[in-house]
Amino acid sequence: MAGPTEGTGGSAPPRGKSFLEEIVEADRESARFPGPIRTRFPPEPNGYLHIGHAKSICLNFGLAAQYGGTCNLRMDDTNPTTEEAEYVEAIQRDVRWLGFQWDGPVRYASDYFEPLYAWAVELVRAGKAYVCDLTADQVEAHRGTLTTPGKPSPWRDRSVAENLDLLGRMRKGEFPDGSRTLRAKIDMASPNMHLRDPVLYRILHARHHRTGDAWCLYPTYDFAHGQSDSIEGITHSICTLEFEVHRPLYDWLLDSLGVPLHGHPRQVEFARLNLTHTVMSKRLLLRLVTEKLVSGWDDPRLPTIAGLRRRGVPPEAIREFARRIGVAKVESTVELALLEACIREELNRTAERRMAVLRPLRLVIEDWPEGREDLLEIGNNPEDPAAGSRKVPFGRELWIERDDFRAEAPKKWFRLAPGAEVRLRGGYYVRCRSVETDSRTGEPTRLLCTHDPASRGGSTPDGRKVKGTIHWVSAAHAAEAEVRLYETLFAVPDPGDVPPGKDFTHHLNPRSLEGLRGCKIEPSLAPAAPGSRWQFERIGYFCADEKDSRPGAPVFNRTVTLRDTWAKIERQEGG
RNA sequence: UGCCCCGUAGUGCAAUGGCAGCACACGGGACUUUGAAUCCCGGCAUCCAGGUUCGAAUCCUGGCGGGGCAACCA
């Protein structure tokens, strides 16, 4: 894998170090931690991973690899009401697919429920935590506001003995959900809300995906997080910006529990990734899935890792994207175009070229003998000679793209029009002699052409130039395919920017999916393996759908279009 | 309103007291058997005001602007 300072431009100056790299390097220099660095990626298994997680994954695994350390995968499963084993599986699959291997087994915060509980008891014994009988509403009322201090809970000064007794009975299941909590005794007047006696344990009679019914009280994320890191010997706990204000609480907890410095991870926060034309919050993604606005977590229009994979995005492109966006502490939104550029760059290098006609129009070469066939050798990838070539059958009747013919050629039109000559990619020059049209719609139904026999392979001895080259498929040999054209799920860069009274579904793009059947593909494409990626010449990059495609009956998803200069020209000319 | 974090081309990131640079995007051109790819050229930025300094994107102060924080979510 390319190192972080290795650009693609060759002479490009090395990228400056990120603030994360600087912190890690400073800690290595000062020997703050005895051994190699350890990071972790700690998802909550309550949804699928998305490209924002990919940024975090690349950061955590990348930093570990860069400095000779290791990275753990830990499920932050402290809330049994939202977490499921399905998500645990999906997360592992996605991290592996991205190309990373975690150190040792998958870890779970739920593995630490017992030591966590012991720590809670320790805090109670030290007079630093108490059982509070306030309801959630009352707790909120006592907490005060951003500008006014809170009021102490009436249960704040219970005796250690009583707290111990109550906590034990909470664990035994003697009390109903929500009736009591264990709270840290810190400072109800703190300007940091998270220090106003935060809840450490809540009663939840819920079945946990791993511990089953063993527990009926569960630690909050805040109580589990720092200690879980500490148990795993994490040196650098990298998380998103919103946890910055939680850091004093983690520090308080670790300090109160007497965790020594080298067992006390350094937390560093970075800005989460935002991408234009999509949503990244798990809550919103979950809504799209449950309200069936998309086909599932792996819908190719979603920014989920599973969706991107199904769309045909290679993991290398995602890693390169993560590298290029960098990392900082400013909340920012990356343009989708950058992701697309990374995808095109990778696929341009690696995807073999094939010809496919999405919206077929029949073309007949009238001076080509009936029944005669030709077999043309065409390179698989001009970017990679090692990709070899294939033989493509040619005949009197061909399918070409409807978009490649205009009855009336606009300015700068290089393609087919009455009287115009074009090159059939890898084949012959043909000239359009006449057009048959549907008498009702006026649409062309057949183009009647002649060819230049000397142009076989795509060039003529006289060196005559044609401006346009179009793709084609022999009608006699064509296979058929279903093709799904995807556009952005949302029609605007910022789906969250909606008129009053509307929600994020307001900007859902009605054209985000267009299904095409009866597309004509060259024979070599028919057996495409599910998941295989191709460039359809002049159209875009496509991936045989991993679920619905079968060899012989292929279904292709458009990953991304090719850059389309003509479309741009036409847009400009058209005003 | 309190506390915390953060302000560099359109977007994302560099420059760590010494010539403000890279990528994507955008505009133009060359080349082309993909209007692809490739190559060349171009325009566009330090939030504002003071201060320190020979010199400030960088340090200090104040403003302005953005984000986060008041789940028994993570």
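All of these numbers come straight from a predicted model, not from anything done at the bench. Here is how names work: the chains are called A, B, and so on, in the same order as the sequence lines, proteins then strands, and each is numbered from 1.
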Does [X] reach the side chain of [Y], with side-chain heavy atoms less than 4.5 Å apart?
X: L166(A); Y: F175(A); result: yes
X: W155(A); Y: V131(A); result: no
X: K411(A); Y: I569(A); result: no
X: H277(A); Y: D494(A); result: no
X: L49(A); Y: Y87(A); result: no

N192(A) (side chain) donor-acceptor with V245(A) (main chain) under 3.5 angstrom: yes
Chi class for rA49(B): syn within 90° of 0, otherwise anti: anti
What integer number of Å spans the [atom1] atoms of [N] and [M]?
N: rC4(B); M: rG18(B); atom1: C1'; result: 34 Å
N: rC47(B); M: rA20(B); atom1: P; result: 15 Å
N: rA9(B); M: rC5(B); atom1: P; result: 23 Å
N: rG65(B); M: rA14(B); atom1: P; result: 26 Å
N: rU53(B); M: rG2(B); atom1: P; result: 33 Å

Spacing of M188(A) atom CE and R143(A) atom CZ [to the nearest 0.5 Å]: 7.0 Å
Once the angle between the rings of [X] and [Y] is folded into 0 to 90°, is it parallel (under 30°), tilted (30 to 60°) or perpendicular (over 60°)?
X: H225(A); Y: F243(A); value: parallel
X: H209(A); Y: Y108(A); value: tilted
X: F394(A); Y: Y428(A); value: tilted

Touch class at under 4.0 angstrom, heavy-atom based, for H246(A) against every strand present: base
Residue whose closest nucleotide on RNA chain B lies nearer the 5' end, V245(A) versus F19(A): F19(A)
Nearest-nucleotide 5' precedence on RNA chain B, L146(A) against M193(A): L146(A)
Taking the minimum atom-to-atom distance to the side chain of [X], which one of [options] wins?
X: R143(A); options: rG68(B), rA70(B), rA36(B); answer: rA70(B)
X: P191(A); options: rG2(B), rU34(B), rA70(B); answer: rG2(B)
X: R353(A); options: rU34(B), rG68(B), rA25(B); answer: rU34(B)

Base of rG35(B) paired with side chain of R415(A) (donor-acceptor, under 3.5 Å): yes
Polar pair under 3.5 Å, donor/acceptor by atom type, side chain E383(A), base rU38(B): no
Identify all pairs in which a protein N or O lies below 3.5 Å from an N or O of nucleotides 7-12 of chain B, and state each distance.
unit_1: rG10(B); atom_1: N2; unit_2: E335(A); atom_2: OE1; d: 3.0
unit_1: rU11(B); atom_1: O4'; unit_2: E335(A); atom_2: OE2; d: 3.1
unit_1: rU11(B); atom_1: O3'; unit_2: T333(A); atom_2: O; d: 3.1
unit_1: rU11(B); atom_1: O2'; unit_2: T333(A); atom_2: O; d: 3.1
unit_1: rG12(B); atom_1: OP1; unit_2: T333(A); atom_2: N; d: 3.2
unit_1: rG12(B); atom_1: O3'; unit_2: S332(A); atom_2: OG; d: 3.2
unit_1: rG12(B); atom_1: O2'; unit_2: I325(A); atom_2: O; d: 2.7

Interatomic distance, D404(A) CG vs rU34(B) C1' [rounded to whole Å]: 11 Å
All N/O contacts under 3.5 Å from nucleotides 26-30 of chain B to the protein, with atom names and distances to one decimal?
unit_1: rG27(B); atom_1: OP1; unit_2: Q572(A); atom_2: NE2; d: 3.2

Crowding at NZ, K329(A) (>12 non-hydrogen neighbours, <6.0 Å): yes
R272(A) CZ: over 12 foreign heavy atoms closer than 6.0 Å: no
Nucleotide pairing, RNA chain B (Watson-Crick or G-U, distances under 3.5 Å), in dot-bracket with [ ] and |: .((((((..((((....[..)))).(((((.......)))))....(((((..]....))))))))))).....
